[in-house]
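Following: one structure in structure tokens, then a few remarks.
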Amino acid sequence: MIAALDIQVTKSAKSKIDEIDFNNLPFGKYFTDHMLEVDYANGEWKTPSIRPFQNLSLSPALAAIHYGQSIFEGIKAYKDKEGNAFIFRPYDNFARFNVSAKRMCMPTVPEEIFIEGMRQLVALDKDWIPMKHDYSLYIRPFMFATDEVIGVKPSDTYKFMILLSPTGPYYSAPMRIYVEEKYTRAAKGGIGFAKAAGNYGGSMLATAIAKERGFDQVLWTDAFEHKYVQEIGTMNFFVIIGNKAITPDLEAGTILEGVSRASAIEALKELGYTVEERPISIDEIINAHKAGELKELFGTGTAATVSMIQELCYEDYSMKFDTSTWKAVPAVKKLLTDIREGRKEDTRGWMFRV
Ligand SMILES: *Cc1c(COP(=O)(O)O)cnc(C)c1O
């Protein structure tokens, strides 16, 4: 582990915390007093610094802007009843970040910088972690290419940063989802498994069209046949058919391996469901619906945790649900929230003490 000395800390003269209305926290809008920043050049990471949150000065020729070498993560920190701060499963995000880095031909970030840097930053801005139920501190690590040359090649220099943003309950009404058949998010051999910035830019048009039609998000399908379902926006997808919970497997490399997905799988098992990770076709979902076996559908992700799906529409076939009678999704959500907020014992070592 990197020693405290190895991070250069410049504290802000005055905290902005009193200017923030913690009862009104739009997602990702407000940032804490400090940020972490570290540069990569000549094949090595320099000394990280923590300094007051501020704008960056960047060249208009910045490689990341032109050719998209840019990746990120999303993690949350919580406080327990005693006010101790914890980060939820940061090592899983650390591993995934470096998977994304390798796919995008970027250097990996060492654990001392990613984990210890995050720990020190969160510890410094600990007062920003709200102690209320369903509130948390959203942690955004990211890395981008910083060469100042216009030319399609991997950058020689990079910047890794961490920002912190306090967040309130993600009020998501149960979602209306449109099954996408025209546009594609990810194909085998592509970058679907990486949390790479371009994946999100590429998905916005299909989502905007679905929104015009009254839906919240699209459920992506495979690129070749548009037959097998993948995931939704920034959420992994689950269906409960009978007593089985099914979620698409990760084999094809077209789906983001969600930490919330892995946590929901554990929670479902603990609640007595059989969990299958395998390809699932839209036909199977429709047939289950026709047979009255399609029970509950939901998405999982760090931002919203667990979100119910009240409508799934495929072409002209709309499946609507009365989510007020559902049992599994609220139980999964409660179990995960109870562990995060310290009401339930963390038997799996998910909570990392700051
Ligand atoms: C971040 C993300 C998820 C959810 O991952 P978590 O680790 O659970 O937050 C799912 N799909 C996509 C495309 C994502 O970007």
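Model, not experiment: these values are computed from the prediction.
- In this structure, the side chain of K344 does not engage the main chain of L335 through any donor-acceptor pair within 3.5 Å.
- F352 and V259 fall into different hydrophobic clusters, defined by Ile, Leu, Val, Met, Phe, Trp and Tyr side-chain heavy atoms under 4.5 Å apart, directly or through other members.
- By the criterion of side-chain heavy atoms lying less than 4.5 angstrom apart, applied directly or through intervening Ile, Leu, Val, Met, Phe, Trp or Tyr residues, M118 is grouped together with V354 in one hydrophobic cluster.
- Judged by distance alone, with hydrogens and angles left aside, the side-chain atoms of K79 form no donor-acceptor pair with the main-chain N or O of M131 at under 3.5 Å.
- Summarising the geometry, atom CD1 belonging to I50 is positioned 10.5 Å from atom CD belonging to Q8; distances are rounded to the nearest 0.5 Å.
- The main-chain N or O of P48 is never found under 3.5 Å from a side-chain atom of D6 such that the two would form a donor-acceptor pair.
- The closest side-chain donor-acceptor pair between Y30 and E19, if any, does not fall under 3.5 angstrom.
- With E296 contributing its side chain and A328 its backbone, the two residues share a donor-acceptor pair below 3.5 Å.
- Under the 4.5 Å side-chain criterion, counting only non-hydrogen atoms from C-beta, E277 is not in contact with E251.
- Residue pairs meeting the ring-ring contact (aromatic ring centres under 6.0 Å, His included) criterion with at least one member in residues 236-256, sequence neighbours excluded: F238-F298.
- Counting only heavy atoms from C-beta outward, the side chains of H226 and K182 never approach each other to under 4.5 Å.
- Scanning both residues, K295 and G242, for their nearest heavy atoms gives CG-O, 3.7 Å.
- The environment of CD in E311 is crowded: more than 12 heavy-atom neighbours from other residues, nucleotides or ligands sit within 6.0 Å.
- With ring centers used as reference points, F72 lies under 6.0 Å from Y200.
- In this structure, L58 CG and K159 NZ are separated by 7.0 Å, a value rounded to the nearest 0.5 Å.
- By the 4.5 Å heavy-atom criterion applied to side chains, P248 and E231 are not counted as neighbours.
- No side-chain donor-acceptor contact under 3.5 Å links D346 to the backbone of I339.
- When hydrophobic clusters are built by joining Ile, Leu, Val, Met, Phe, Trp and Tyr residues whose side-chain heavy atoms come closer than 4.5 Å, directly or via intermediates, Y228 is not grouped with I282.
- To the nearest 0.5 angstrom, E37 atom CD is 12.5 Å from T47 atom OG1.
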For this session: Evaluate side-chain contact (heavy atoms from CB on, under 4.5 Å) for L268 paired with I240, printing each intermediate quantity in order.
Result: CA-CA 10 Å; L268 283 160; I240 295 182; 4.2 Å; yes
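- The aromatic rings of F97 and F114 sit tilted, their planes meeting at an angle between 30° and 60°.
- With respect to R119 and E116, a salt bridge is recorded, a charged nitrogen being found less than 4.0 Å from a carboxylate O.
- From H289, atom NE2 reaches atom NZ of K320 across 10.0 Å, with rounding to the nearest 0.5 Å.
- The neighbour count for K46 NZ, taken as heavy atoms of other residues, nucleotides or ligands under 6.0 Å away, is above 12.
- When all heavy atoms of N199 and I191 are compared, the pair lying nearest together is ND2-O, 2.9 Å.
- At most 12 non-hydrogen atoms from other residues, nucleotides or ligands lie less than 6.0 angstrom from CG of N42.
- The two residues D127 and I17 have their closest heavy-atom pair at O-CD1, 3.4 Å.
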For this session: Give the C-alpha distance, both sets of side-chain angles, the deciding distance and a yes or no for side-chain contact (heavy atoms from CB on, under 4.5 Å) between M319 and I286.
Result: CA-CA 8 Å; M319 296 165 261; I286 288 172; 3.7 Å; yes
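- Annotation: F27 is in aromatic contact with Y138 [ring centroid separation under 6.0 Å].
- Interatomic distance, L36 CG to R51 CZ, rounded to the nearest 0.5 Å: 10.0 Å.
- Taking the six-membered ring for Trp and thresholds of 30 and 60 degrees, F53 and F31 have nearly parallel ring planes, at less than 30 degrees apart.
- In this structure, E82 places its CD atom where more than 12 heavy-atom neighbours from other residues, nucleotides or ligands lie under 6.0 Å away.
- At a threshold of 4.5 Å between non-hydrogen side-chain atoms, the residues L250 and R261 count as touching.
- Separation of atoms CD1 (I129) and OG (S136) is listed at 9.0 Å; rounding is to 0.5 Å.
- Proximity of D147 to K153: side-chain heavy atoms (C-beta onward) are separated by under 4.5 Å at one or more points.
- Side-chain N or O atoms of R185 include none that pairs as donor or acceptor with a backbone N or O of A223 at under 3.5 Å.
- The backbone N or O of T32 sits nowhere less than 3.5 Å from a side-chain atom of D125 that would complete a donor-acceptor pair.
- E276 places no side-chain N or O within 3.5 Å of a backbone atom of K244 that could act as its donor or acceptor partner.
- The residues E73 and K195 are annotated as not salt-bridged, no charged nitrogen and carboxylate oxygen being separated by less than 4.0 angstrom.
- No more than 12 heavy atoms of other residues, nucleotides or ligands shown are found within 6.0 angstrom of NZ on K102.
- L124 and Y78 sit in two unconnected hydrophobic clusters of ILVMFWY residues. Membership requires side-chain heavy atoms under 4.5 Å apart, directly or through other members.
- Contact annotation: the side chain of T167 never approaches that of L25 to less than 4.5 Å [non-hydrogen atoms, C-beta and beyond].
- Pairing each heavy atom of L137 with each of P166, the nearest pair is CD1-N, 3.6 Å.
- When all heavy atoms are compared, the tightest approach of I241 to L294 is CG1-CD1, 3.9 Å.
- In this structure the side chain of R96 never reaches within 4.5 angstrom of the side chain of D92, judged on heavy atoms.
- When only modelled atom types and interatomic distance are considered, W128 and D33 share a side-chain donor-acceptor pair under 3.5 Å.
- Among the candidates F160, Y158, Y40, the single residue satisfying the side-chain contact (heavy atoms from CB on, under 4.5 Å) test with V109 is F160.
- In this structure the side chain of D222 never reaches within 4.5 angstrom of the side chain of T254, judged on heavy atoms.
- Heavy-atom contacts from other residues, nucleotides or ligands closer than 6.0 Å to NZ of K188 number 12 or fewer.
- Listed here is the closest heavy atom pair of M351 and R340: CE-O, 3.4 Å.
- V239 and V275 end up in the same hydrophobic cluster when Ile, Leu, Val, Met, Phe, Trp and Tyr side chains are linked at under 4.5 Å.
- Using bins of under 30°, 30° to 60° and over 60° for the plane-to-plane angle, the ring pair F144/F142 lands in the parallel bin.
- Side-chain contact check for N24 and K29: no donor-acceptor pair (N or O, by modelled atom type) lies under 3.5 Å.
- Geometrically, R213 engages Y178 in a cation-pi contact, judged by NZ or CZ lying under 6.0 Å from the ring centre and within 45° of the ring axis.
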